[in-house]
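Below: the structure, in structure tokens.
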Amino acid sequence: MLCYTLSFVDRQILSLLVGPIKRDLMISDTRIGVLQGLAFAVFYTLAGLPIGRIVDTYGRRNPIAAGIFLWSLMTASCSAAKSFWTLFLARIGVGVGEATLSPAAFSLISDYFPKEQLGLAISVYTMGIFVGSGIALAVGGTVVDAVVRMPALHLPILGVVATWRLSFLLVGIPGLLVVLLVYTIREPLRRNLLRTADGRAAELGLWDVLAQVRTRWQAFTGLSVAMIFQSLASYSFLSWAPAFFQRIHGWTPGQSGRALGVILLIFGCSGMYVGGSLCDRWQQRGIREAPLKVTMLSAVGACVFLGIAMLVPNPYLALSLMAPGLFFQAMPIGSAYAAVQLIFPNQVRGQVSAFFMFILNLGGISLGPLLPGVFNDYLFKNEKMLGPSVSLSIALASVGMMIILPLTYRHYRRDYETMNSVLA
């Protein structure tokens, strides 16, 4: 969870710097959306596929350590970007580094915990999304408020540096120390392996992995598409909420960051905990599609509360609606990742997780930050319409989830029961 928290601090800090980056690099809202989404997501997703193979074949701890080192270094290097394209390349590096973490972490956690506790266990890990985002907004916003009032800095090699760039250095460098902490993690024995007729663990190649996905394609596709929409809604909000308060209500980065950070930490984490616990409880009662039902509940609540929050004129009323909205939005994240683990054998979990995240992030992380920027620039043609742009993005994504999830229940239930009968 600490590693995932760190990854989201480094990923989210850019959302607080929209104003000065737009001004200094002279770029549009659409390009800001590309920097927050596409630049990160494309290589985050592509790099995850070969990393998943490494995780399943060799080990899980060393890829995590290497990834943290890379993404921390590339976050710090964002401070040296002189144009849209150099910042784009640095964000690619952050994405490649972060691609190592989740496929390895999901595989590790699945071997540490029994399936009856996996929804909650992975929910605790994925709390890093909201802990990291909350810290990035609360602490990062305060740092941004402090550094933007400082005069330009004169640094060795870099020369005169705009003070907003210091934020990237301050959040990137500490990650290099976390690399050492990763080496305290023990590699657990792999459990839930497919075995050959003589009892040996089966060795599965790439075509075998694809065959495992094909046999579960309906459940896997339904779950993946639903989580694309969930991720799209989350990143639409997380990427633009700070700018919403700054642009529409005149708040400073520190004011918006602290307010959003607190509700992310409290309501995001509690929503994830409740969602994971509810998923485990329902599965213990024999409701095999419990992760999908938690996701359905999330879609309805997030659509209502977050959608309205971005439209109300009072910033404090907006925050009061965002709190329950984020609670619902957070509920299915850990459960959905656990759902994938529960219908696949151990030998392919890293690769399937990477493939799942490839689909989810290529759609969600790319489109989530991008859609509000596109709506703002080309539909409303007014940067003061940021609230309706985000609200529209969340509403469209939530409706998509409500359509796809009920169609997936039966297929997921079948694959869950089949997998557990094979491993019995």
Identify the heavy atoms of [X] and [Y] that sit nearest to each other, and give their distance.
X      : Y      : answer
Pro332 : Met227 : O-CE, 4.4 Å
Ile122 : Gln341 : CD1-CG, 4.1 Å
Gly268 : Ala330 : O-CB, 3.1 Å
Ile263 : Ala323 : CD1-N, 4.3 Å
Pro315 : Trp251 : CB-CZ2, 3.6 Å
Ser393 : Leu232 : O-CD2, 3.8 Å

Test your reading of the model: is there a side-chain donor-acceptor pair from [X] to the backbone of [Y], 3.5 Å cut-off?
X      : Y      : result
Ser270 : Phe267 : yes
Thr126 : Ser123 : yes
Gln329 : Gln230 : yes
Ser79  : Ala76  : yes
Trp240 : Pro369 : yes
Thr184 : Leu181 : yes
Lys384 : Arg247 : yes
Arg60  : Glu187 : no

What I'd like to find out is whether the side chain of [X] reaches to under 4.5 Å of the side chain of [Y], using heavy atoms alone.
X      : Y      : value
Phe229 : Val399 : no
Leu118 : Tyr112 : no
Met385 : Phe375 : no

Would you check, one step at a time, whether the test salt bridge (charged side-chain N to carboxylate O under 4.0 Å, His left out) holds for Arg413 with Glu289? CA-CA 5 Å; Arg413 191 185 310 119; Glu289 69 277 16; 3.1 Å; yes
A quick test of your reading: do over 12 heavy atoms of other residues, nucleotides or ligands sit less than 6.0 Å from [atom1] of [X]?
X      : atom1 : result
Phe88  : CZ    : yes
Phe84  : CZ    : yes
Tyr183 : OH    : yes

So, taking the atom named [atom1] in [X] and the one named [atom2] in [Y], what distance separates them when rounded to the nearest 0.5 Å?
X      : Y      : atom1 : atom2 : value
Phe327 : Tyr273 : CZ    : OH    : 12.0 Å
Ile173 : Ser72  : CD1   : OG    : 10.0 Å
His411 : Leu223 : NE2   : CG    : 13.0 Å
Met331 : Leu297 : CE    : CG    : 4.5 Å
Phe305 : Ser320 : CZ    : OG    : 9.5 Å
Ser224 : Trp217 : OG    : CH2   : 12.0 Å

Can you confirm whether or not the ring centre of Phe220 sits under 6.0 Å from the ring centre of Tyr412? no
Are Tyr4 and Tyr125 an aromatic pair by the rule of ring centers under 6.0 Å?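 Judged by ring-centre distance (under 6.0 Å), Tyr4 and Tyr125 do meet the cut-off.
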Any salt bridge (charged side-chain N to carboxylate O under 4.0 Å, His left out) involving residues 88-103? Give me the pairs, sequence neighbours left out, ordered by first then second residue.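 For residues 88-103, and leaving out neighbouring residues, the salt bridge (charged side-chain N to carboxylate O under 4.0 Å, His left out) pairs sorted by first residue read Arg11-Glu98.
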Applying salt bridge (charged side-chain N to carboxylate O under 4.0 Å, His left out), which residue pairs with at least one partner in residues 262-284 are found, sequence neighbours left out? none
Is it true that the side chains of Ser110 and Ser107 contain a donor and an acceptor less than 3.5 Å apart? no
Check whether NZ of the Lys or CZ of the Arg Arg288 lies under 6.0 Å from the centre of the six-membered ring of Tyr416 and within 45 degrees of that ring's axis. no
